[in-house]
Amino acid sequence: MNAPIPPGSVIEVADAVAAGRERAAEVCRAALARIAQIDPDVRAFLHVSADHARARATQLDSAIEAGRGGGALAGVPIAIKDNLCTRFAPTTAASRALEGFVPPYDATVVERLESAGALLVGKTNLDEFAMGSSTENSAFFPTHHPLDRGRVPGGSSGGSAAAVAAGMVPAALGSDTGGSVRQPAAFCGCVGLKPTYGRISRYGLIAYGSSLDQVGVLAGNVRDAARVLEVIAGPDARDATCSTHRPEAYSAAMTEELVSRRMAGLRLGVPREYFGEGLSDSVRRAVEAAIDKARRGGARVVDVSLPRARHSVAAYYVIATAEASSNLSRYDGVHYGVRRGAEAGIEALVRESRGAGFGAEVQRRIMLGTFALSAGYYDAYYAKALRVRRLLRDDFSAALREADVLISPTTPTTAFRLGEKLSDPLSMYLADVYTIAVNLAGLPAISIPCGADEAGLPIGLQLIAPALGESLLLQAARAFEQMLASAG
Amino acid sequence: MSLTAEARCEAIIGLEIHVQLATRTKMFCGCALAYGAEPNSHVCPVCLGMPGSLPVINERAVELAIRAGLALNCRIAEETRWDRKSYHYPDLPKSYQISQYDLPIAFDGMVEFEVQEVHRRIRIRRAHLEEDAGKNTHDLPGRTLVDLNRAGAPLLEIVTEPDFRSAAEVREFAVQLQRIVRYLGVSEANMQKGQMRFEPNINLRIADGERVAVTPIVEVKNLNSFRALHDAIEFELADQLRRWREDGRTLRPGNKSNRGWDEERGVTVPQREKEEADDYRYFPDPDLTPLPIARERIERLREETPELPIPRTARFIAEYKLPPRDAPALVDDRASADLLDQAKDHGGEPSILGRHFLSFWLMHANARETTIAGLGVSAERMAGLARLQHEGAVNATAAAQIAEAMLTDDSPPDALAQRMGLMQTRDSGAIEAWVEQAIAANVQAVSDARENPKKLAAARGFLVGQVMKLSGGKADPRIVGELLDSRLRRPQ
């Protein structure tokens, strides 16, 4: 078996196709061939939309031949997490509740990718309704770590991270509610960007925790992530929570000159709470080494504190599950999706459809959230969690006055074994301990590869910036990427 | 329970009213509001509650809600918020309704009106925005069909304090509320189309000497006419006394119940109660940001609030000398009422204008199935006609004939009167000749008038009539009267 030709980067492919040096149809064929060859082992895709991608590629090639531009993502094969609505393929959120459901509309991000010339090659696996950190909660099958089939790729955007890390596509979209883009990026060894809450429209993203959910980008490198972000970010009249601020020119912020100047004088905040108990030695060593290297490269390392961060997992599991209990109440078997028990009346229809449609983790979170919102408990749980959230925002504001960006490990450990944490939800929840607070604060953050542990498993480093500070975040991340790639 | 002869029952009634706002599109999406359209023909991913869809606030609905709130003398929230109210029902696609829980857009208002010549003041607790549900139909045996055209329609729910003491008061309030929301263009408030629905909360306070009992509150759901509202309350009040006598049950926390109105039998009937208590699990909708309402915006809308039907009716009765029961007919169409005020401003004599509007202008409007404003006659020309009559140039009958001509002829009213030969003769020479003629021809009447004080009035009236007849109706009756009187005073 020939090793598949690795995909070029997003920028290389787009620029070559737009300039007519390469044909989109050929790029598409190669991507589909890689998926056909690699995915049977990795199982990153729930659905491969080969015909749709080929048709788009053909259209794009004729448009370019006719001199009608190619777009910023011309001919770039991109995979889409299956909780983003697409008209061209079923959208299931990896749930039986939506098995076979084809939405009558595209998510805003899907429209924007396609207008920029991207070829959407398929829908990737996830934990059901994005609830999980290993992609084992998919109702259909688990996805495997591309480097070690016995391990998880992380989650919930495990399919997207694995597809990028395995070289099937140069970029993919995920969604990040508590770390669901950054954590699998760290596990799989690729870049995972979660922008500011409201930077990207959520229209067409199947809601889990609406006040936390944000579409994110998985890519092979920081500049590629910036290119994709530039295409999908920006105001959307269909999402009231989407920021009305115009996005900055993220690609333009990626010039070698701007990036090379970034590290000198960069105030790098190290939250001491993120280097405490529970952090594995190998991850600690790798991240501390990166901080040292940055210091040598001219960064000013400052010790900062996020005193309320230790409450973030608890607050998150109240807020996210409360919102989820409401967001998922629509899957009642009446209008679409799985339908059971209709002959026995409306109550049986709702009860049996939901019982059959939702997996164990989803049911657990719906019950948790329903409880947190119930009369008599609201103040003790939901209202209190919202107070923690406000305090946590204050903590980040204070830390980001002392530092330009914060640096931390993305995850406490590298990728764990399939099945290892399935029976212990609490230890699974702690896989997101460093990422969750960022969602509660609504800030932009990125995970970039930072070496590997003894077993060769990738380690992720997380950078956190102030709200709408994506340009700064991406420049800093790119500077780290270059620094870590260089010897010494 | 038995009562002594001194026992007094007092009704305690509060009212919730759902008013559908007169927007072009739904509360949170761009679907048109189309009553009576093919089922499920006006729906989209948002109002169908499709996965991933998101609501966006209809700004027009917010504006109409503020207008209504101001008209109900409410305070307007500086920041209002959206909450989710959760329950499963086939006509509720998201299994939650977007509503407003603890920060309604308007609150602390009141409405004053007269009912049976008694002044009443009803406090408004709150008015909040929410989306309507769809409609379940049970036309096929054993199946429920769902039509979601109405799902997401913008509603304003208005809640009063329990300040009503009788069904008649509630009905009068409801009538006045309908006039107000129509006046502001806030709602068509067409009850056949379900654009205005009532849910009264009813109980009784029974005082018998030292003993006071308060019956459990009953909410009667979904009443769609003033009559049903009135009759359901009347029935429920009488029946609560009967039930209390039978079982002695009094108000306790949690024993409020819902009943429906059986129009045919004229009775309220218990509705099936759920086994568990309602817990709607309200929480702020994370898909919608809190909505700040600028003071300046509120003040601008306050300035734009027109004179409302209740005070305007009172003013019209006084100013245009209208019979109280006819006045609403001139007030309730705002453009026509404005036209009347403008005609007055153009110099039309108010009481004559009032008579013109109530008699022929309204008649022509009704005959053409339009409003008075819809007749297309300008305020200036209406004022001109009233002036002609006031100055005595034409009489009331002639004015009516001229008005009819004005509908199709743009000439000034006095030109029309001339052309139609309806100008009254004020030439005293001509009138004198007719007077002489009448006196000569009616010797008996003349002598009655001169010699018999008891017959003076009748005889004089007869003679005036004869002069008018001789003039072909054109003589100015005032001049006729003057000339006739002086002639009768003269010796023969």
Side-chain angles (χ1 to χ4, degrees), chain A residues 83-85 91-93 97-98 101 103-105 107-108 129 198 201-207 209-213 236-242 319 322-323 325-332 334-337 342-343 345-347 349-351 354 369-370 372-376 378 382-383 386, chain B residues 28-30 40 43-59 82-98 101-102 134 136 138 142-146 148 151 254 272 274-291:
Chain A
N83 59 353
L84 286 163
C85 287
T91 300
T92 67
L98 284 174
F101 174 71
Y105 65 103
T108 296
F129 286 104
S201 169
R202 291 187 296 118
Y203 191 82
L205 169 65
I206 296 182
S210 311
S211 72
L212 303 156
D213 293 343
D236 181 10
R238 290 180 294 187
D239 176 2
T241 64
C242 195
I319 293 169
E323 292 177 1
S325 73
S326 168
N327 287 330
L328 272 63
S329 59
R330 69 187 64 193
Y331 306 110
D332 56 7
V334 175
H335 302 99
Y336 47 75
E343 56 293 327
I346 178 67
E347 276 159 35
L349 169 66
V350 173
R351 191 174 57 244
R354 291 171 68 77
T370 302
L373 290 177
S374 295
Y378 182 95
Y382 189 71
L386 291 183
Chain B
F28 296 110
C29 65
N40 299 310
V43 293
C44 73
V46 177
C47 58
L48 288 176
M50 289 268 177
S53 65
L54 294 171
V56 177
I57 298 167
N58 182 334
E59 266 299 321
W82 310 92
D83 299 279
R84 294 182 180 179
K85 176 183 181 179
S86 294
Y87 62 95
H88 285 290
Y89 209 60
D91 63 10
L92 189 68
K94 300 186 295 294
S95 297
Y96 62 79
Q97 178 192 31
I98 305 177
Y101 182 55
D102 52 0
N136 291 338
H138 307 275
R143 311 197 78 172
T144 297
L145 300 178
V146 184
L148 295 174
R272 193 172 67 102
K274 284 174 222 147
E275 286 159 37
E276 67 271 28
D278 280 334
D279 182 356
Y280 293 121
R281 300 194 305 282
Y282 280 102
F283 81 108
D285 191 333
D287 289 334
L288 293 164
T289 49
L291 181 73

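Naming convention: chains lettered A, B, ... in sequence-line order (proteins, then strands); numbering from 1 in each chain. Keep in mind that the numbers below use all heavy atoms, side chains included, and drop hydrogens, waters and symmetry copies.
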What part of A:S201 gets closer than 4.5 Å to chain B, counting heavy atoms only: side chain, backbone, both or neither? neither
Which atom names give the shortest non-hydrogen contact between A:R330 and B:P93, and what distance separates them? CB-O, 3.6 Å
Enumerate, atom names and distances included, each donor-acceptor pair closer than 3.5 Å involving a side-chain atom of residues 46-54 of chain B, sequence neighbours excluded.
unit_1: B:S53; atom_1: OG; unit_2: B:P45; atom_2: O; d: 3.2
unit_1: B:S53; atom_1: OG; unit_2: B:M50; atom_2: O; d: 2.8

Proximal component of A:R354, with respect to chain B [non-hydrogen, under 4.5 Å]: side chain
A:Y378, part contacting chain B, at a heavy-atom distance under 4.5 Å: side chain
Side chain, backbone, both or neither of A:L205 within contact of chain B (heavy atoms, under 4.5 Å): backbone
Just by modelled atom types, is the B:P90 backbone N or O under 3.5 Å from a matching donor or acceptor in the A:H335 side chain? yes
Specify the closest pair of heavy atoms between A:S329 and B:K94, including all atoms of both residues, with the distance to one decimal. OG-O, 3.2 Å
Heavy-atom proximity to chain B below 4.5 Å, by part of A:P103: neither
Quick check on A:A322 against chain B: is it the side chain, the backbone, both or neither that has a heavy atom closer than 4.5 Å? backbone
Answer yes or no: does atom OH of B:Y101 have more than 12 heavy-atom neighbours from other residues, nucleotides or ligands under 6.0 Å? no
Just how far is it from atom CG of B:D287 to atom OG of A:S210, taken to the nearest 0.5 Å? 4.5 Å
Using non-hydrogen atoms only, which part of A:A383 is less than 4.5 Å away from chain B: side chain, backbone, both, or neither? neither
Below 4.5 Å from any heavy atom of chain B, which atoms of A:A375 appear? Answer side chain, backbone, both or neither. both
If I measure from the heavy atoms of chain B, does A:L98 come under 4.5 Å with its side chain, its backbone, both, or neither? side chain
Partner chain B: residue of A:A207, A:S326, A:G209, A:S211 with the largest heavy-atom pair count (under 4.5 Å): A:S326
With sequence neighbours left out, what residues match A:T241 under side-chain contact (heavy atoms from CB on, under 4.5 Å)? A:Y197, A:R202, A:D239, B:T289
Value rounded to 0.5 Å, distance of OH in B:Y96 from CG in A:N327: 5.5 Å
Locate the shortest heavy-atom distance separating A:A240 from B:L288; write the atom from each residue and the value. CB-CD2, 4.1 Å
